[in-house]
Amino acid sequence: MRLTQTKAELRAASAIRPRAVVMTMGALHEGHAALLAEARERVGPDGSVVLTIFVNPLQFGPTEDFDRYPRTLASDLAIAKAEGVDLVFNPSRDELYPNEPSITVHPGPLADELEGTVRPGHFGGVLTVVAKMLHLTAPDLALFGEKDYQQLTLIREMVCDLDWDVDIIPVPTVREADGLALSSRNRYLSETERDEALVLYRALTAGAKAGMNGPDAVMAAAHAELEAVPSVNIDYLALRAPDLGPVIGPGEARMLIAARVGTTRLIDNISITLR
């Protein structure tokens with residue numbers, strides 16, 4: 001496994017041009033390991049897998065946890081090696097943004113909904129760094145977790161609208177045994193807060209079980225679970241079509257939730273079949 005930290009080093013490693021890339025902000029956990037394992041499976045023993053590790057300042061708001069976000073490079077590299085990564089790209093902020101960027105990706109109207117109402121400008125920062133990483137690594141495949149479902153949807157739209165020659169591969173959310181979605185921010189939760197955070201998954205699964213009775217029943221079942229834990233502050237609970245447009249009739253849908261548990265903000269989502 002080769003570690004590169006500059007764009008010049010990355011270009012020099014072009015002999016192992018990746019077929020698959022997994023983009024992260026580090027602080028890797030089993031969810032990231034699942035992305036890397038899926039990447040390795042898809043490219044096979046003769047393909048190559050690149051992992052990017054970069055805490056992207058453009059996607060953090062002025063009151064968010066950029067400085068507090070965990071940096072765990074040594075353990076990240078150990079996980080990458082165990083999952084068969086060929087190349088790690090871990091640039092500094094000055095390396096990736098030598099100047100304050102004046103041209104960034106405009107993510108469109110979906111970026112102003114759901115997460116965008118709470119984190120204005122967030123998805124412009126996400127899509128800008130994803131565009132840069134796609135350009136720098138030139139992969140055939142890019143894998144993203146479904147836990148960040150709105151992000152995944154916007155990345156798919158960007159790649160489609162800009163005719164990028166890369167396949168975007170979604171990977172299902174990895175959960176703890178009790179259902180809590182894995183997240184680098186889970187380490188901020190106290191033991192009590194972690195127990196409280198389980199209500200997010202309970203609400204989603206209650207909604208999914210009510211899908212046979214239609215959208216109103218889905219929302220009512222989810223809200224009933226959330227009301228039982230008033231200490232969890234809900235930013236939004238939404239039922240959308242798979243492309244995050246409005247739900248139209250029976251079929252597949254996606255329920256999304258964001259909440260604050262103590263000082264930690266968590267997101268989750270689940271696929272629902274409406275009857």
Side-chain angles (χ1 to χ4, degrees), residues 1-7 9-10 13 18 20-40 48-97 115 119 122 125-126 128-130 132-133 136-137 139 142-148 151-152 155 171-178 180-194 197 200 258 260-268:
M1 186 178 74
R2 183 171 176 180
L3 173 63
T4 61
Q5 295 183 303
T6 69
K7 288 178 278 189
E9 290 172 341
L10 186 63
V21 65
V22 174
M23 302 180 196
T24 78
M25 293 204 299
L28 302 190
H29 49 64
E30 290 180 16
H32 298 107
L35 287 167
L36 296 170
E38 179 71 15
R40 172 50 62 201
S48 55
V49 174
V50 167
L51 167 68
T52 71
I53 299 173
F54 179 68
V55 184
N56 176 37
L58 294 191
Q59 67 192 71
F60 287 80
T63 63
E64 293 182 328
D65 59 351
F66 175 77
D67 291 328
R68 183 174 168 231
Y69 196 87
R71 276 80 165 172
T72 58
L73 183 59
S75 62
D76 293 346
L77 294 178
I79 291 172
K81 186 174 182 179
E83 296 300 335
V85 168
D86 298 288
L87 178 67
V88 177
F89 181 46
N90 173 226
S92 67
R93 178 174 182 165
D94 289 342
E95 179 66 22
L96 209 60
Y97 299 117
E115 283 295 284
R119 306 180 70 186
H122 169 70
V126 170
T128 296
V129 78
V130 169
K132 288 173 75 72
M133 292 298 191
L136 290 167
T137 60
L143 294 88
F144 295 91
E146 289 187 345
K147 187 179 78 71
D148 296 290
Q151 170 182 288
L152 169 64
I155 290 169
V171 177
T173 301
V174 178
R175 301 182 180 278
E176 300 279 5
D178 55 13
L180 184 67
L182 291 182
S183 169
S184 300
R185 290 188 169 93
N186 288 353
R187 68 188 66 200
Y188 299 149
L189 298 170
S190 68
E191 185 175 346
T192 298
E193 289 168 346
R194 192 195 177 287
L200 275 68
R260 296 181 188 275
V261 184
T263 60
T264 304
R265 189 169 184 276
L266 302 175
I267 62 172
D268 203 349

In sequence, state the C-alpha distance, the side-chain angles, and the governing distance for F89 and V21, and then conclude on side chain to side chain contact (heavy atoms under 4.5 Å, CB included).
-> CA-CA 10 Å; F89 181 46; V21 65; over 6 Å; no
Could you give the distance from [atom1] ([X]) to [atom2] ([Y]), rounded to the nearest 0.5 Å?
| X | Y | atom1 | atom2 | answer |
| --- | --- | --- | --- | --- |
| L96 | T6 | CG | OG1 | 11.5 Å |
| R71 | S184 | CZ | OG | 11.5 Å |
| L189 | R194 | CG | CZ | 8.0 Å |
| L35 | L143 | CG | CG | 6.5 Å |
| I155 | D148 | CD1 | CG | 8.5 Å |
| L180 | L182 | CG | CG | 7.0 Å |

Any residue meeting side-chain contact (heavy atoms from CB on, under 4.5 Å) with [X], in chain and number order, not counting sequence neighbours:
| X | result |
| --- | --- |
| A181 | K147, T173, R175, D268 |
| S75 | T72 |
| L200 | V232, I257, A259, L266 |
| E64 | F60, R119 |

With sequence neighbours left out, the residues meeting side chain to side chain donor-acceptor pair (under 3.5 Å) with Q5 are N90
Who are the side chain to side chain donor-acceptor pair (under 3.5 Å) partners of R185, not counting sequence neighbours?
-> D65
Within a strict 4.5 Å, meaning less than it, do heavy atoms of the [X] and [Y] side chains meet?
| X | Y | value |
| --- | --- | --- |
| L87 | L10 | yes |
| V88 | D76 | no |
| E115 | I267 | yes |

Sole candidate of K132, K7, M133 that passes side-chain contact (heavy atoms from CB on, under 4.5 Å) when paired with P91 | M133
Atom pairs and distances, side-chain donor-acceptor, residues 50-59, under 3.5 Å, sequence neighbours left out:
{"residue": "N56", "atom": "OD1", "partner": "L58", "partner atom": "N", "Å": "3.4"}
{"residue": "N56", "atom": "OD1", "partner": "Y97", "partner atom": "OH", "Å": "2.7"}
{"residue": "N56", "atom": "ND2", "partner": "Q59", "partner atom": "OE1", "Å": "3.0"}
{"residue": "N56", "atom": "ND2", "partner": "G125", "partner atom": "O", "Å": "3.0"}

Where do [X] and [Y] come nearest, in terms of heavy atoms and distance?
| X | Y | result |
| --- | --- | --- |
| E146 | P172 | OE1-CA, 3.8 Å |
| Y188 | T264 | CB-OG1, 3.3 Å |
| A39 | V22 | CB-CG2, 4.1 Å |
| T263 | R68 | OG1-NH2, 4.5 Å |

What residue pairs, at least two apart or across chains, pass salt bridge (Lys or Arg N to Asp or Glu O under 4.0 Å) with a residue in residues 31-40?
-> E38-R42, R40-D86
Only counting residues at least two apart or in another chain, list the ones meeting salt bridge (charged side-chain N to carboxylate O under 4.0 Å, His left out) with R260.
-> D235
Summary of side-chain hydrogen bond (donor to acceptor under 3.5 Å, both in side chains) pairs that have at least one residue in residues 23-32, sequence neighbours excluded | none
